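Written out below as structure tokens is the structure these notes cover.
Both ligands and their constituent atoms are indexed starting at 1 by order of listing. Remember, it's a predicted structure, so these values are computed and weren't measured experimentally.
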Amino acid sequence: MSTSIVWFKNDLRLNDNETFFRAIANSDVVLPVYCFEDKHYKTSEFGFARTGNFRAQFLLESLQNLDSQLRILGSGLIILTGDAIKELTTVASRFGAQTVYAMEEVAGFEKNTQQQLDKKLKEIGCVLETFRTDTLYQEADLPFAIKDIPEVFTVFRKKVEKEAAIRPIFNTPIQANSPEIKSLELPAFGQLALSEPNIDIRRAISFTGGANEGHKRLQHYFSEIGAISTYKETRNGLVGADYSTKFSPWLANGSLSSREIYHELKKYEATFGANESTYWLTFELLWRDYFRFIMQKHGNKLFLQGGIKSKTAHSQLHDPAKLSRWVNGQTGVDFVDANMLELKHSGFMSNRGRQNVASYLINDLQIDWRYGAAYFEQQLIDYDVFSNWGNWSYLAGVGNDPRGQRYFNVEKQAEYYDADRSYRSLWLDQ
Ligand code: FAD
């Protein structure tokens, strides 16, 4: 009898999850596990927590939903805590598992854990099988090898759009055979060294974790209100739930896959028509892929001050007082402060806001951009290692921007994007 472990990480879904699909297809018995790894709850070298309370809450909700879905198939979710390598090896030996299925990692920390786990499992006669489940395009379908990924997004995009195809999704398996799995026991916030986040009624949207909620949001944005048909015109907005898709938190922990979104988009276009706005979502999802493949190409260089260009960064200061004013929305520049308060009190910020506050930290305060990236890592409900560090290094002029350093004139941006001050009033006056 073949027994496998499915190690869920940032792929917290059963639909379009090749890892789960293959495990079910190739095993008699599966043990789905999730591990709260200690290292994800430590303080980074930049003084911020690696996971803050907004994302932790979203994660707990996502796991609850994953467990419920697994129970419908006849299984459940086993929660582990501590060191993933040790914990998974112990479970594998206890149940005599021959294979551990997991999503393929390409970024620093996670890749390292994957390599070490592979070694440890081999020692007990178990194999680690990994599948890349977080991209729109599969690496094998790209018109270039990873080492040849163009450094300019537009070059990458044009060639990919022309020469590669997006694969269909993997359907949810109909059954999962597992030994009896006791009811889900999630850690309390205190056990993760965090406290429960407060709800701020000014937040753009109430995010609830899990694939079910992710799909509800998808249906809402597409067929219920048809906002996708005007997305390109509204996506630079600042106030409210629907100026942009808000898919990012579900994408970040894998409750939704970008391929699921893409195929739903195609169905929507078939019924309601395609336009520039519907295309633009695929365009943005391609940015998401791009940062993933760029990290795969350059590895840990993306986390260095000089970035993938190994150049002297323009922003190098370490000034705790200035940094603290930025973090707490006390710089005196109202557009920056409003955005930073939104992030602090809700765990979210628009793309327009992110570009402006990042440019302000880099160009005006001249602080080492990595402090900004590390604060975003702590605070963002949608934090994703690739999109976050990729965008930050891009704006700092040490990443993939062919134009070099980007400067956003914050005052002008505020005048243009928040002409009636409604965004600033929301966060500064109430
Ligand atoms: P939409 O505008 O509706 O876009 C749809 C999807 O496309 C997003 O959910 C996202 O998956 C993808 N996308 C859009 N813009 C980008 C982009 N510039 N780069 C990569 N993917 C993109 N996004 C994250 O998901 N996690 C992060 O940690 C993150 N950090 C960022 C840091 C900085 C400094 C900047 C400038 C951008 C960052 N982004 C990050 C990208 C972008 O701001 C968010 O994806 C977006 O604001 C999320 O809201 P949405 O889902 O409504 O976006």
What side-chain donor-acceptor pairs closer than 3.5 Å can you find for residues 413-422, not counting sequence neighbours?
from : atom 1 : to   : atom 2 : distance (Å)
Q413 : OE1    : R352 : NH1    : 2.9
Q413 : OE1    : N356 : ND2    : 3.0
D418 : OD1    : S422 : N      : 3.1
D418 : OD1    : Y423 : N      : 2.9
D418 : OD2    : R424 : N      : 3.1
D418 : OD2    : R424 : NE     : 2.7
D420 : OD1    : S422 : N      : 3.0
D420 : OD1    : S422 : OG     : 2.9
R421 : NH1    : D334 : OD2    : 3.1
R421 : NH2    : D334 : OD2    : 3.2

Report summary line: The protein residues that pass the under-4.0 Å heavy-atom test against ligand 1 are Y231, S244, T245, K246, F247, S248, L251, L281, E284, L285, R288, F291, F348, N351, R354, Q355, F376, L380, D382, Y383, D384, S387, N388, N391, W392, L395

Report summary line: Contacts satisfying ring-ring contact (aromatic ring centres under 6.0 Å, His included) that involve residues 334-357 (not counting sequence neighbours) are F207-F348

Query raised in the report: Is D11 salt-bridged to R13, cutoff N-O under 4.0 Å?
Result: no

Report task. May I ask you to say whether E45 pairs ionically with R370, meaning some side-chain N is under 4.0 Å from a carboxylate O? Result -> no

Requested in this report: Apply ring-ring contact (aromatic ring centres under 6.0 Å, His included) to Y101 and list each qualifying residue two or more places apart in sequence or on a separate chain.
Outcome: none

Query raised in the report: Thinking salt bridges, do K86 and D38 make one under a 4.0 Å N-O criterion?
Result: no

